[in-house]
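Here is the structure we will look at, set down as structure tokens.
Below, chain A is the first sequence line, B the second, and so on; all start at residue 1.
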Amino acid sequence: MINLLEYYQGSGENYTSEEIAQALLGSVLVNETPEGLTSGIIVETEAYLGLEDEAAHSYNGRNTPRIQAMFGKPGTLYVHQMHRHILVNIVTQPKGVPQGVLIRALEPLEGLELMTERRKKTGHELSNGPGKLSQAMGISMDYNLEHILDSRLSIEPNKRVIPIKIQSSPRIGIKNKGKWTDAALRFYVKGNPFVSRFKGEISETFGWKSCRL
DNA sequence: TGTTCGATGTTCT
DNA sequence: GAACATCGAACAA
């Protein structure tokens with residue numbers, strides 16, 4: 001089991017972005033704002049593999065002001081806007097290696113009322129997509145370039161649930177990118193209804209081993 | 001249950 | 001001017 005917080009502190013361990021993407025499933029993301037605290041369990045992620053990945057913003061070493069954060073150290077937040085929506089990534093590789101993991105969906109845990117107010121939706125519509133979870137948690141472009149260990153957005157050190165089964169699939173919305181369109185770089189918790197475009201049977205435990213938090 | 005289309009900011013052609 | 005790591009409303013059947 002990868003200890004993410006140690007990794008983000010700079011433990012010197014070496015993990016691939018795919019490994020980090022899977023280790024994030026079951027971790028608890030917390031955001032503190034003046035309006036209140038919201039948190040949720042990560043249920044879906046996607047890995048973006050920097051230089052060679054044609055689907056990544058940092059493909060081929062492209063480095064513009066917008067994607068500066070991708071070149072930061074592990075745990076740096078890369079927050080960008082897609083149409084009207086905010087998307088959150090966490091950098092996975094040492095400084096200068098532009099790889100990251102996109103957080104795509106959360107199972108809400110705390111601050112449900114605040115999330116409902118922000119989203120004007122309920123149930124799985126609160127956070128079953130990358131733009132939706134940012135709105136539910138109140139994450140804005142201000143978070144770009146901050147570090148997960150030194151930000152209003154953090155990972156709970158003492159809470160963690162374990163997925164029964166991690167599924168992988170091609171990433172969502174990647175078209176005309178050769179082999180990268182089909183690469184299985186999306187990871188999600190099987191049977192959890194907060195996964196975007198969820199289909200199939202809802203697991204009794206929402207896909208988590210044994211107890212909930 | 002499915003497809004289409006508009007909003008909107010940054011980047012590249 | 002077009003493309004895009006999205007979302008939700010509007011529409012068709």
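- Residues from residues 54-62 of chain A lying near DNA chain C, meaning a heavy-atom separation below 4.0 Å, are Ala55(A), His57(A) in numerical order.
- No more than 12 heavy atoms of other residues, nucleotides or ligands sit less than 6.0 Å from atom CD of Glu32(A).
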Using the rule given for side-chain hydrogen bond (donor to acceptor under 3.5 Å, both in side chains), can you reason through Tyr78(A) versus His57(A), listing the C-alpha separation, both sets of side-chain angles and the distance that settles it, and then say yes or no? CA-CA 11 Å; Tyr78(A) 169 45; His57(A) 291 156; 2.8 Å; yes
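- When the salt bridge (Lys or Arg N to Asp or Glu O under 4.0 Å) test is applied to Glu146(A), the partners found at least two apart in sequence or on another chain are Arg152(A).
- Shortest non-hydrogen contact noted between Ser27(A) and Ile155(A) is CB-CG2, 4.3 Å.
- Evaluated for a salt bridge (charged side-chain N to carboxylate O under 4.0 Å, His left out) with Glu125(A), the options Arg118(A), Lys120(A), Lys132(A) yield exactly one hit, Lys132(A).
- Nearest heavy-atom pair, Ser17(A) versus Leu49(A), reported as atom, atom and distance to 0.1 Å: CB-CD2, 3.6 Å.
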Would you give me the side-chain donor-acceptor pairs under 3.5 Å for residues 190-197 of chain A, sequence neighbours excluded?
{"from": "Asn192(A)", "atom 1": "OD1", "to": "Phe194(A)", "atom 2": "N", "distance (Å)": "2.9"}
{"from": "Asn192(A)", "atom 1": "ND2", "to": "Glu107(A)", "atom 2": "OE1", "distance (Å)": "2.8"}
{"from": "Asn192(A)", "atom 1": "ND2", "to": "Phe206(A)", "atom 2": "O", "distance (Å)": "3.0"}
{"from": "Ser196(A)", "atom 1": "OG", "to": "Glu44(A)", "atom 2": "OE1", "distance (Å)": "3.0"}
{"from": "Ser196(A)", "atom 1": "OG", "to": "Glu44(A)", "atom 2": "OE2", "distance (Å)": "2.9"}
{"from": "Ser196(A)", "atom 1": "OG", "to": "Arg104(A)", "atom 2": "NH2", "distance (Å)": "3.2"}

Under-3.5 Å N/O pairs linking protein and nucleotides 10-13 of chain C:
none

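- Put simply, NZ on Lys121(A) is 14 Å from C1' on dT6(C), counting in whole angstrom units.
- The stretch residues 126-138 of chain A touches DNA chain C through Gly129(A), Pro130(A), Gly131(A), Lys132(A), each having a heavy atom under 4.0 angstrom from the strand.
- Of the residues in residues 179-188 of chain A, none has a non-hydrogen atom less than 4.0 angstrom from any atom of DNA chain C.
- Rounding to whole angstrom units, CZ of residue Arg104(A) and C1' of dC7(C) are separated by 11 Å.
- Across all strands, Ile174(A) comes closer than 4.0 Å only to sugar-phosphate atoms, never to a base (heavy-atom distances).
- With both ends at atom C1', the span from dG8(C) to dT10(B) equals 22 Å, rounded to whole Å.
- Taking atom P on both dA5(C) and dG2(B), the two are 24 Å apart, rounded to the nearest angstrom.
- Atom CG in Leu133(A) sits 10.0 Å away from atom OG1 in Thr38(A) (nearest 0.5 Å).
- Every residue two or more places apart in sequence or in another chain that forms a side-chain contact (heavy atoms from CB on, under 4.5 Å) with Pro98(A) is listed here: Leu51(A), Ser58(A), Met70(A), Phe71(A).
- Residue-environment remark: CG (Asp150(A)) stays at or below the threshold of 12 foreign heavy atoms within 6.0 Å.
- Counting all heavy atoms, side chain and backbone alike, Trp208(A) lies closest to Thr205(A) at O-OG1, 2.7 Å.
- Closest approach of Leu126(A) to Lys121(A), counting heavy atoms only: CD2-O, 3.2 Å.
- Residues meeting the salt bridge (Lys or Arg N to Asp or Glu O under 4.0 Å) test with Glu54(A), sequence neighbours left out: none.
- Here the shortest heavy-atom pairing between Gly50(A) and Gln99(A) reads N-CG, 3.8 Å.
- Against DNA chain B, the stretch residues 80-88 of chain A makes heavy-atom approaches under 4.0 Å through Gln81(A), His83(A), Arg84(A).
- Among all heavy-atom pairs drawn from Met1(A) and Ile162(A), the shortest one is CE-CD1, 3.5 Å.
- Counting only Watson-Crick or G-U wobble pairs whose defining distances are both under 3.5 Å, the stems of 3 or more consecutive pairs in DNA chain C are B:1-7 with C:6-12, B:9-12 with C:1-4.
- Salt-bridge formation is not detected for the pair Arg171(A)/Asp182(A): no Lys NZ or Arg NE/NH1/NH2 atom is positioned less than 4.0 Å from an Asp or Glu carboxylate oxygen.
- The hydrophobic cluster containing Ile174(A) also includes Tyr48(A), Met82(A), Leu87(A), Leu102(A), under a criterion of side-chain heavy atoms closer than 4.5 Å among ILVMFWY residues, counted directly or through chains of members.
- Ser127(A) places a side-chain N or O within donor-acceptor distance of the main-chain N or O of Leu106(A), the cut-off being under 3.5 Å.
- In this structure, CD of Gln99(A) is placed 17 Å from P of dA5(C), rounded to the nearest angstrom.
- Taking atom NZ on Lys177(A) and atom P on dA5(C), their separation rounds to 6 Å, with Å as the unit.
- Extent of DNA chain B lying under 4.0 Å from chain A heavy atoms, first and last nucleotide in 5' to 3' order, is dA7(B) to dC12(B).
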